Amino acid sequence: MSPVLIVLLGFLFTLSAQTASDALAAGQAAMQSGDLTLAEQQFRAYLKTHPSSAEALSNLAAVHARREQYPEAVRLYEQALKANPRLYPIHFNLAVTLIRMKDPRAIDHLREFLKARPGEPRAQQLLGLCLIETGDNRAAITELEAAYKANPADRSIVPSLAYASVRAGDENRARDLLARTEADPFQSAFLQGLMEYRRERYAEAKALLQKAVDIDPTSASALAALGRLHIAEHEDEQAILLLRKAIQLNPSDAESHYQIGVLLDRTGKTDEGIPFLNRSLQLRAGYADPHYQLGRIAYYRNDYPAALQELEKARKILPNHESIRLLLGRTYQALGREADAKTEFAAVRRIKEAVAERDRQRIESDALMLEK
């Protein structure tokens with residue numbers, strides 16, 4: 001867990017009722033003083049006569065969270081939300097607990113909290129960090145940029161924002177951000193390695209990313225990046241090993257789950273890979289690639305109804321993706337749905353023509369630049 005995340009997780013919203021009874025107030029006072037045993041006793045005493053008190057349930061959840069009894073804390077926070085869905089700080093506190101459990105449901109609760117407190121910088125920064133963990137870098141940039149704009153003096157945001165920027169393909173932005181702060185050796189090697197990887201300078205990228213892993217072998221991001229580099233070099237077994245280590249450290253990494261699923265399928269271990277693909281879909285909403293991969297597996301197993309279900313989901317997310325539309329057309333064909341197949345094949349032709357036109361315009365534009 002990054003130092004930034006640890007600091008942020010130390011913050012909780014305190015909940016109290018305006019007309020709290022003596023037991024509730026005593027429990028809150030005990031928790032403030034660090035006497036968790038007395039705090040639990042007082043909250044439970046209050047709940048005997050007020051079993052639906054969202055404040056008491058949430059405070060009792062906080063006691064369990066401080067003891068690192070996270071599953072029980074989550075259960076109590078969820079009870080508190082059922083008792084009073086409008087008590088929005090519970091969403092933040094529940095998200096903090098879920099983050100400690102590496103549970104991606106934290107994203108949903110942070111978004112709910114931000115509906116009530118738009119622009120709250122701690123929540124936005126946490127949401128951005130959570131989105132990076134799942135691999136949703138563009139959404140992460142939106143949240144981290146907002147948090148950084150609200151508090152430009154907070155340099156802790158810069159490395160995360162630089163990382164998300166380079167993963168999203170904006171190397172210039174990443175360099176600009178890193179120039180504003182003194183990067184530590186790990187961050188320097190890691191981000192420079194990512195930039196070299198994007199330039200397809202694989203030897204340089206491998207040396208830098210290996211250096212980052214040597215400095216911090218517990219960095220899930222560095223291990224995953226090194227694993228992706230091995231994928232690019234068709235070193236599947238090494239990639240699988242590194243990506244498995246990455247998801248052990250960060251179970252919320254949807255992209256690495258997806259990549260392991262693809263690699264296991266590619267190396268003849270399809271049945272072992274399918275659960276990883278399904279898990280990637282649980283971790284990230286609107287992720288077309290695993291749907292396509294599951295559809296492709298089903299298609300080549302002649303399970304056309306299953307293929308159709310996955311490919312139609314993928315098409316809904318990425319309607320202009322040539323491979324998805326092509327395989328969907330073939331699936332319709334295999335099911336005897338010729339009209340639907342023709343529609344998909346026509347879409348593939350339109351996509352190809354649009355790509356060719358974009359390439360032609362780019363070549364003409366480059367030629368004009370050279371003439372000048």
Side-chain angles (χ1 to χ4, degrees), residues 1-13 65 70 74 77 89 91-115 117-170 173-174 177-178 180-181 183-184 186-188 190-191 194 212 216 218-225 246-257 280 282-287:
M1 191 175 292
S2 73
V4 175
L5 202 52
I6 290 169
V7 171
L8 283 170
L9 292 182
F11 178 83
L12 290 174
F13 282 93
Y70 300 130
V74 167
Y77 278 134
H91 284 290
F92 184 93
N93 295 345
L94 174 52
V96 167
T97 304
L98 289 168
I99 290 169
R100 291 188 180 279
M101 295 173 68
K102 299 186 182 294
D103 188 326
R105 289 181 297 162
I107 291 171
D108 296 330
H109 288 285
L110 287 168
R111 284 180 169 148
E112 285 299 315
F113 175 78
L114 284 164
K115 286 179 186 177
R117 288 279 296 273
E120 206 288 325
R122 288 171 294 259
Q124 282 196 303
Q125 189 175 357
L126 273 178
L127 179 55
L129 292 168
C130 288
L131 290 165
I132 286 176
E133 296 285 290
T134 68
D136 195 349
N137 296 294
R138 293 199 179 278
I141 287 170
T142 299
E143 302 300 334
L144 291 170
E145 287 276 17
Y148 190 44
K149 185 177 180 180
N151 190 9
D154 185 357
R155 295 296 182 185
S156 69
I157 302 172
V158 173
S160 299
L161 187 50
Y163 171 59
S165 297
V166 72
R167 285 295 311 278
D170 191 349
R173 174 67 169 143
L177 286 161
L178 287 173
R180 300 182 195 180
T181 187
D184 63 33
F186 168 80
Q187 289 290 348
S188 178
F190 177 46
L191 292 169
L194 289 179
D216 184 1
T218 66
S219 169
S221 298
L223 287 163
I247 64 171
Q248 283 175 358
L249 292 163
N250 175 22
S252 300
D253 185 349
E255 187 175 356
S256 291
H257 277 87
S280 69
Q282 294 169 1
L283 291 168
R284 190 198 298 179
Y287 197 1

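Along the sequence shown, residues are numbered consecutively beginning with 1. Remember, predicted model here, so these are calculated numbers, not experimental data. Side chains included, hydrogens not; waters and symmetry mates left out as well; all remaining heavy atoms used.
Between Arg122 atom CZ and Leu110 atom CG the span is 12.5 Å, to the nearest 0.5 Å. Between the CG atom in Leu131 and the OG atom in Ser160 there is a gap of 12.0 Å [rounded to 0.5 Å]. In this structure, CD1 in Ile132 is found 7.5 Å from OG in Ser221, a value given to the nearest 0.5 Å. Atom CG of residue Leu249 and atom CG of residue Leu223 lie 6.5 Å apart, to the nearest 0.5 angstrom. For the atom pair CD (Glu112) and CZ (Arg117), the distance works out to 15.0 Å, reported to the nearest 0.5 Å.
Shown here are the side-chain hydrogen bond (donor to acceptor under 3.5 Å, both in side chains) partners of Tyr163, two or more places apart in sequence or in another chain: Arg167. In this view, Asn250 and Glu133, Ala220, Ser252, Asp253 satisfy the side-chain contact (heavy atoms from CB on, under 4.5 Å) rule, not counting sequence neighbours. Partners of Asp103 by salt bridge (Lys or Arg N to Asp or Glu O under 4.0 Å), not counting sequence neighbours, listed by chain and number: Arg105.
Side-chain contact between Ser219 and Phe186 is present, with at least one heavy-atom pair separated by less than 4.5 Å. By the 4.5 Å heavy-atom criterion applied to side chains, Leu94 and Phe113 are not counted as neighbours.
Residues Ala254 and Tyr287 share a closest heavy-atom pair of O-CE2, 3.9 Å. Nearest heavy atoms, Ala222 versus Ala212: CB-CB, 4.3 Å. Taking all atoms of both residues into account, the shortest heavy-atom contact from Asn137 to Ala164 is CB-O, 3.8 Å. Taking every heavy atom of both residues into account, Leu283 and Pro251 meet most closely at CD1-O, 3.5 Å. Nearest heavy atom pair, residue Val74 against residue Met101, reads CG2-SD, 3.6 Å. Pairing each heavy atom of Arg173 with each of Ser165, the nearest pair is CG-OG, 3.5 Å.
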- Message: Please evaluate residues Leu161 and Ile141 with respect to the criterion side chain to side chain contact (heavy atoms under 4.5 Å, CB included), reporting the C-alpha separation (whole Å), side-chain torsions for both, the decisive distance (0.1 Å), and the verdict.
- Response: CA-CA 6 Å; Leu161 187 50; Ile141 287 170; 4.2 Å; yes
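Under the side chain to side chain contact (heavy atoms under 4.5 Å, CB included) rule, Gln124 has a single partner from Leu129, Thr142, Leu114, Leu144, which is Leu114.
Looking at Arg284, its side chain does come within 3.5 Å of a backbone N or O of Gly135 through a donor-acceptor pair.
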